[in-house]
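Working notes, beginning with the structure itself.
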Number of protein chains: 2
Amino acid sequence: MVSAPRLLPGKPIDPTSAAFLLAETRNQPMHVGGLQLFELPEDAGPNYVREMYEKMRDVEEIAPLFLKHPYRSVRTGGQLVWRPDEQFDIEHHVRHSALPEPGRVRELLDLCGRLHSTRLAWERPLWEAHVIEGLADGRVALYTKIHHGLVDGISAMRLLQKVLSTDPDRRNMQAMWSAEAVRSRRSRKEEDHDNDPGAIAAAVSGATAAVVGAAAAATEVAAGAMSGAADVVVDAAAGAADAARGLSIPDLPVDVMRTALAISADAAGMPGALVRTLRRGIRNETSAVSLYAPRTIFNQKITGSRRFAAQDWPIERMRAIGKASNTTINDVVLAMCSGAIRKYLTDLDALPDTSLVAMVPVGLKAKESHVASADGGNAVGAVMVKMATDLDDPERRLKTIHASMKDGKDALSSMTPSQIMAMSAIGMAPAIVPGLLRMQGVVRPPFNLIISNVPGPRSTHYWNGARLAGTYPLSIPINGMALNITCTSYDGDMGFGLTGCRRTVPHLQRLLTFLDEELGALEKAAGVN
Amino acid sequence: MVSAPRLLPGKPIDPTSAAFLLAETRNQPMHVGGLQLFELPEDAGPNYVREMYEKMRDVEEIAPLFLKHPYRSVRTGGQLVWRPDEQFDIEHHVRHSALPEPGRVRELLDLCGRLHSTRLAWERPLWEAHVIEGLADGRVALYTKIHHGLVDGISAMRLLQKVLSTDPDRRNMQAMWSAEAVRSRRSRKEEDHDNDPGAIAAAVSGATAAVVGAAAAATEVAAGAMSGAADVVVDAAAGAADAARGLSIPDLPVDVMRTALAISADAAGMPGALVRTLRRGIRNETSAVSLYAPRTIFNQKITGSRRFAAQDWPIERMRAIGKASNTTINDVVLAMCSGAIRKYLTDLDALPDTSLVAMVPVGLKAKESHVASADGGNAVGAVMVKMATDLDDPERRLKTIHASMKDGKDALSSMTPSQIMAMSAIGMAPAIVPGLLRMQGVVRPPFNLIISNVPGPRSTHYWNGARLAGTYPLSIPINGMALNITCTSYDGDMGFGLTGCRRTVPHLQRLLTFLDEELGALEKAAGVN
């Protein structure tokens with residue numbers, strides 16, 4: 001059959017990245033995205049946007065990260081390797097697009113949703129950037145898409161931000177894919193002392209990796225467990241099977257599973273235990289590992305069609321509510337989401353009687369968690385937050401969320417890192433496993449959606465004089481988890497990015513209106529403004 | 001290993017279509033395209049283009065042809081089958097796009113080149129249509145892309161035209177992918193008695209099928225012949241291997257080869273003979289099967305990047321030249337191409353001393369060829385035309401082309417259908433086989449490029465009141481054949497569509513200028529205008 005690998009024509013892909021690559025199916029593309037809005041400088045000429053595009057296209061040297069693509073064949077002994085694209089075509093990756101009339105934000109979000117729906121082909125490096133003109137307000141947009149197997153999403157956002165400057169007069173700035181920009185990122189110190197999202201971002205994305213890694217691992221588990229029913233396995237493992245079909249790679253699943261679940265040596269027995277746990281459907285009542293989420297429309301098998309909605313609101317408004325109600329900005333963000341989702345589901349006559357549960361990745365200060373991440377900075381955990389969508393009163397919802405969040409954080413802070421990671425994995429895996437085993441409707445979801453809030457830079461940033469006016473993340477809906485909300489702060493605003501399966505989550509845009517209304521309701525309840 | 005196929009979950013794909021699917025690689029996508037320009041009706045409202053897009057998107061029922069996608073797995077016993085896309089998403093296939101400023105034809109061609117560069121993913125039905133606004137002159141463009149495995153290119157153009165009407169007041173017309181349009185195409189008679197391109201189109205595309213089918217067959221031949229050198233095979237058969245890897249499908253190659261080469265039972269021994277012929281490098285001096293083409297920059301391995309150039313000129317100008325010089329419109333088209341290519345290669349200091357040879361598919365009247373196609377109408381053959389690029393004088397070039405064309409047609413008309421098809425296959429296969437066997441520079445190309453001229457409707461056509469102002473085909477460059485010129489006539493104009501590999505054929509747009517200059521030079525030489 002497959003002969004033993006000789007010299008690999010490429011660099012082996014680490015198991016975590018491999019997990020993301022293999023977990024991908026048509027319905028579940030594994031790339032993250034970023035939408036950035038720029039205001040043109042006052043002295044911008046009529047060809048400014050074209051020149052901006054050309055500047056991004058005509059980089060002298062592309063960083064290796066943006067040149068490699070995954071490859072796998074008999075020659076590599078079935079192993080996934082990275083190899084440089086020998087016919088790299090920058091015009092395939094960096095594109096100049098325009099919006100149809102009337103060029104509202106709506107047309108921009110439509111285009112981003114469409115671009116975010118399409119899988120990146122393995123035959124080329126796994127990224128795209130689109131310079132988009134045609135917004136009626138004269139701003140220019142940059143949509144960037146990068147595979148999670150190449151770099152995690154929040155790090156990608158960070159890469160994008162790192163090529164920016166706080167200096168509006170700086171010019172000759174590079175695109176993030178240029179080798180020069182990567183070198184200068186490595187060599188120079190932070191320009192400003194903003195709240196650096198780096199450590200927590202890396203940690204949060206570790207948690208996300210665990211989610212998706214678990215999906216991939218579960219695929220393999222499913223394949224093993226159900227080997228008697230080949231048809232089911234072929235369907236269940238669709239994407240991975242497409243890639244792997246016919247190749248026998250006996251040692252991949254174990255690697256993928258161990259690394260993706262971030263199981264350290266002392267917890268290596270976890271995956272089996274995890275699967276048994278799931279099978280028994282045991283309910284755990286710890287708030288951090290809640291398995292009591294109701295079924296909702298969000299927790300179905302998804303399609304590959306995406307809708308994207310984004311908007312920002314002044315952080316000051318959230319801070320004022322938090323101050324008046326003795327809650328945090330993050331609590332207010334969750335309360336906005338809770339109220340908006342309550343209205344959204346009510347309109348669809350699909351609101352469950354019991355509260356929805358959100359999985360919220362949280363950063364933990366090293367001293368609180370008595371552990372340190374690789375950066376020596378923060379560790380991360382996932383808290384299951386009761387969203388109080390069963391309560392009509394905005395103020396009570398906010399209080400309930402605050403209490404649930406505090407419980408979860410307290411529980412996390414007393415755990416060891418491997419306990420945290422294992423617990424997070426337990427919390428997450430069931431969301432994915434049922435989908436893979438075609439078990440929707442049999443097992444309840446452990447939570448209903450993921451809401452992340454990642455701090456970004458506080459000060460105004462520029463790219464070659466163009467002011468960054470807003471930045472919004474596009475995330476990865478997965479089977480059983482059709483809606484993802486990721487927020488990121490920047491320059492006094494909180495940007496909400498809602499990414500959903502277009503079929504499973506209809507009229508996604510409505511959530512923006514409801515978020516706005518809910519912010520107003522919370523202000524009223526808190527007696528501010 | 002692979003168990004015997006049980007019930008196939010889909011309809012088996014015929015060998016010709018399979019050949020196109022398997023011949024596809026990243027560098028050699030196998031889809032054809034069409035660019036159509038429409039003028040808006042006088043009463044068009046401000047939302048006309050959006051409504052046009054929505055009309056195309058919101059069809060009630062999609063025709064089965066546009067719903068199926070190729071699929072292959074252990075479940076199908078390794079066989080390629082068509083199966084309906086159960087999650088068909090019209091918004092993935094029909095898109096509303098816009099051009100960046102300043103919205104010239106140049107920006108439109110850039111976009112078409114970009115869209116034409118990307119492979120269609122097998123996981124969805126193999127087509128896309130883009131309604132493109134933003135042309136400064138107020139016209140709207142429709143770029144359509146469809147896989148050759150689904151329908152041949154000229155038939156695709158024909159499908160597009162068949163949904164049009166000669167009646168500017170007709171409304172409620174359907175997009176070509178609607179089931180209703182397909183049904184009405186089948187049931188209604190031709191609306192006008194224009195020179196119907198149907199029969200010849202079908203025949204010409206049969207010839208194209210033979211070219212690409214031969215490529216696929218050659219891939220399999222190469223795989224068989226060189227089974228001792230697995231590495232080479234893996235690279236040579238890149239795309240096909242990606243799809244087929246690990247599956248053993250012993251009976252596919254023979255089917256593919258027989259059907260794709262259109263070899264009838266009495267000529268079933270041809271493929272082996274063909275390959276032996278190639279290996280010996282035998283030169284045949286018949287003008288119709290010339291193997292004396294010089295090496296040019298067009299005859300290299302190509303990349304997956306495309307550039308598209310298109311323009312039209314009044315047929316009346318060509319007719320006047322033909323009349324004055326006793327040549328045909330088609331001769332004048334070839335002479336324009338010849339002069340333009342001569343200038344283009346001269347500028348690049350890459351003009352060979354001997355004349356380039358073009359492969360020109362020709363339709364033959366049934367009575368001339370004493371054979372009938374399935375339609376009972378025309379048969380088709382391929383003529384190798386000496387382009388006279390070694391001659392400086394436009395008039396002498398035109399005369400030489402005319403004579404070479406006549407020789408070739410005469411030779412064809414005395415042949416039987418299977419001889420014609422076999423000869424065409426012999427003529428074409430060597431262009432592809434060397435690339436697959438990594439033999440560039442070893443074997444000379446049998447011809448340098450393909451120039452097709454397909455007649456289209458003579459009268460003005462409309463879609464829901466929008467006048468079709470121009471129509472241009474995008475074709476398939478293949479390894480060793482980096483430039484393709486396809487012309488189509490419509491409403492008094494001859495539209496030239498030039499599709500090239502962006503790297504192998506630099507500055508493709510220059511050819512448009514040279515075509516224009518050459519038309520003027522031919523007029524001057526003929527003493528018209």
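In the text below, chain A, chain B and the rest are named by the order of the sequence lines, each starting its count at 1.
- Using a 4.0 Å cut-off between a side-chain N of Lys or Arg and a carboxylate O of Asp or Glu, A/D85 and B/R26 qualify as a salt bridge.
- Counting heavy atoms from C-beta outward, B/R114 and A/S97 have side chains that approach closer than 4.5 Å.
- Using a 4.5 Å cut-off between heavy atoms, B/N47 makes no contact with chain A at all.
- Taken to the nearest 0.5 Å, the CD atom of B/E101 stands 9.0 Å off from the CZ atom of A/R50.
- Contacts from residues 500-509 of chain B to chain A, taken as heavy-atom pairs separated by less than 4.5 Å, involve B/R502, B/R503 in sequence order.
- For A/S117, the part lying under 4.5 angstrom from a heavy atom of chain B is the backbone only.
- A/A98 and B/P100 get closest at one heavy-atom pair: CB-N, 3.6 Å.
- Of the listed residues A/D110, A/T303, A/L111, A/V131, the one with more heavy-atom pairs under 4.5 angstrom with chain B than any other is A/T303.
- Using a 4.5 Å cut-off between non-hydrogen atoms, no part of residues 134-145 of chain B approaches chain A.
- With contacts defined as side-chain heavy-atom distances shorter than 4.5 Å, the pair B/T25/A/E123 does not qualify.
- Taking all atoms of both residues into account, the shortest heavy-atom contact from B/I302 to A/Q87 is O-NE2, 4.2 Å.
- If you tally non-hydrogen atom pairs under 4.5 Å between each of B/H92, B/H96, B/E107 and chain A, the highest count goes to B/H96.
- Counting heavy-atom pairs under 4.5 Å between each of B/V49, B/D89, B/L99 and chain A puts B/D89 at the top.
- More than 12 heavy atoms of other residues, nucleotides or ligands sit less than 6.0 Å from atom CZ of B/R104.
- Closest of all the heavy-atom pairs between B/E91 and A/R307 is OE1-NH1, 3.9 Å.
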